[in-house]
2 protein chains.
Amino acid sequence: MTKRLAIGDLARQTGTKVNTIRFYEDIGLLPRALRTASGRRTYGAADVRRLAFIRHSRGLGFSVEEIRSLLALADEPERDCAEAAAIARRHLRDIEMRIARLETLRDALADVAISCEGGRAADCRVIEAIAGAELPVEV
Amino acid sequence: MTKRLAIGDLARQTGTKVNTIRFYEDIGLLPRALRTASGRRTYGAADVRRLAFIRHSRGLGFSVEEIRSLLALADEPERDCAEAAAIARRHLRDIEMRIARLETLRDALADVAISCEGGRAADCRVIEAIAGAELPVEV
DNA sequence: ATACAACCTCCAGTAACTGGAGGATCAAGA
DNA sequence: TCTTGATCCTCCAGTTACTGGAGGTTGTAT
C-alpha cells in the first residue's frame, strides 16, 4: 500500500491551508479523515483528488453549496449529469451579471475619479459627485 | 424649527433599512442620533444628507472604511481633497481588476458549462472539466 | 535530552449588514 | 378611556468561506 499523507503534505500538494482542510472536513466537503493512533489525520490519493476538485471549483467561483451538489453527482456515477450542467450554466449567468454590474459601476466611478486633482475639500468634486450620485444600491 | 424625522421616515427617504441605520450609528458612520424623551432617535436634514452620501458611496462600491475617510474629508473643508481623489482612483483600479478577473472566470466557465447536455454523471464533462481545471484560487 | 516543527481542538474575527426575540411607546379609532 | 397595531428600543445570532491564534500534544532530528 502506498504511504499516506499528513495534513501538511496534502496542504502543500493542493495549495490549500491546513486550517482550510480541517474546515472542509468540518462542513462535510471532505470525509472525516483517517487518523493515526495519536489522532493525526492521514490522507490517500482519493483525498488529494477530491480536494483538488474542491479547489478548482472554488477557483471557478462555485459556492460551497454548489460544490456540495457537484460532489454528490460525482459520487454517484449513475445520476443524471444534467444537474451539473445546470449548476454550471446558472453560475455562468451569475458571473455575467456581476460583470455587467461592475462595468456600470466602473463607468460611474470613472466619472467621479477623474473630476478632481486636489484643492480644498470644501470644493471637492469627487465628494460632490458622490453626494449627487444615483446608483442602485448593492454591489 | 423644522420637524425632525423618526428612524422609519429616514429609512424610507433614503431607501435604507432601519436596522442598517442603527448599524451605521454603531460603527460611527452616523453620529449618535438625538433622542426624544422616551429614547427614540430623531433626525434632521443634515442626517438625511449624510446617510444619502453613505448610501451613494456604498452604491459605488466603496467600503465602510473608505467612506469613513471620505466623510472625514467632507467634514473638514480645509483639508486637501487629493486624498479623496486617491481613494476614488484606487477603488476604480480595484474594480477594473475584479472585472478582469471575472472575465477570465467567465471564459473558463463557458468552456465548462457548454460541454455537457445530460447523461451519466460518470461521463459528465462538466465534472471532468472542473477536475482538470487550473485556475488561480480566490474570486 | 532537548529543540523545534507539525499536529490537535476550540474559538474569535473578518464585511456589511439582516432578521428576530422580548419588551416599551405612540397614534388613532371605538 | 381603552385597545389595537405600527413603530420603536436593545441585544444577539446568523450569513460566506475561510483565517489566525491560544494552549497543549506528538514526532523527529540532533
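Throughout, a chain's letter reflects where its sequence line sits, starting with A, and its residues are numbered from 1. Quick caveat, the model's predicted, so the values are computed rather than measured. What's counted below: heavy atoms across the whole structure, side chains too, no hydrogens, waters or symmetry copies.
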Find every protein N or O atom lying less than 3.5 Å from an N or O atom of nucleotides 13-16 of chain C, and list the pairs.
from, atom 1, to, atom 2, distance (Å)
C:dA16, OP1, B:V64, N, 3.3

Residues which pass side-chain hydrogen bond (donor to acceptor under 3.5 Å, both in side chains) with B:R35, listed by chain and number, not counting sequence neighbours: B:E25

All pairs passing ring-ring contact (aromatic ring centres under 6.0 Å, His included) where residues 65-113 of chain A contributes a residue, at least two apart: A:F62-A:H91

Contact summary for A:A88 and B:V112, nearest pair of heavy atoms: CB-CG1, 4.4 Å

Qualifying ring-ring contact (aromatic ring centres under 6.0 Å, His included) pairs with a residue from residues 17-40 of chain A, counting only residues at least two apart or across chains: none

Pairing residues for B:R125 by the salt bridge (Lys or Arg N to Asp or Glu O under 4.0 Å) criterion, not counting sequence neighbours: none

By salt bridge (Lys or Arg N to Asp or Glu O under 4.0 Å) - contacts of B:E96 (at least two apart): none

Per-nucleotide protein contact string for nucleotides 5-14 of chain D, where B marks a base within reach and S marks sugar-phosphate only (heavy atoms under 4.0 Å, - for neither): --BSSB----

Interatomic distance, A:I21 CD1 vs D:dC18 C1' [rounded to whole Å]: 13 Å

Results of side-chain hydrogen bond (donor to acceptor under 3.5 Å, both in side chains) for A:R90 - residues two or more places apart only: none

5'-most by nearest nucleotide on DNA chain D - A:T20 or A:A37: A:T20

Side-chain N or O of B:K17 closer than 4.0 Å to phosphate OP1/OP2 of C:dC17: no

Salt bridge (Lys or Arg N to Asp or Glu O under 4.0 Å) involving B:E83 - partner list, sequence neighbours excluded: B:R79

Of all pairs that satisfy salt bridge (charged side-chain N to carboxylate O under 4.0 Å, His left out), the ones with a partner from residues 10-24 of chain A, not counting sequence neighbours: A:D9-A:R12

Contacts of type salt bridge (Lys or Arg N to Asp or Glu O under 4.0 Å), residue B:D26, not counting sequence neighbours: none

Nearest-Å distance for atom pair CD1/P, residues B:I27 and C:dC17: 7 Å

Secondary-structure notation, DNA chain D, from Watson-Crick and G-U pairs under 3.5 angstrom (| other strand): ||||||||||||||||||||||||||||||

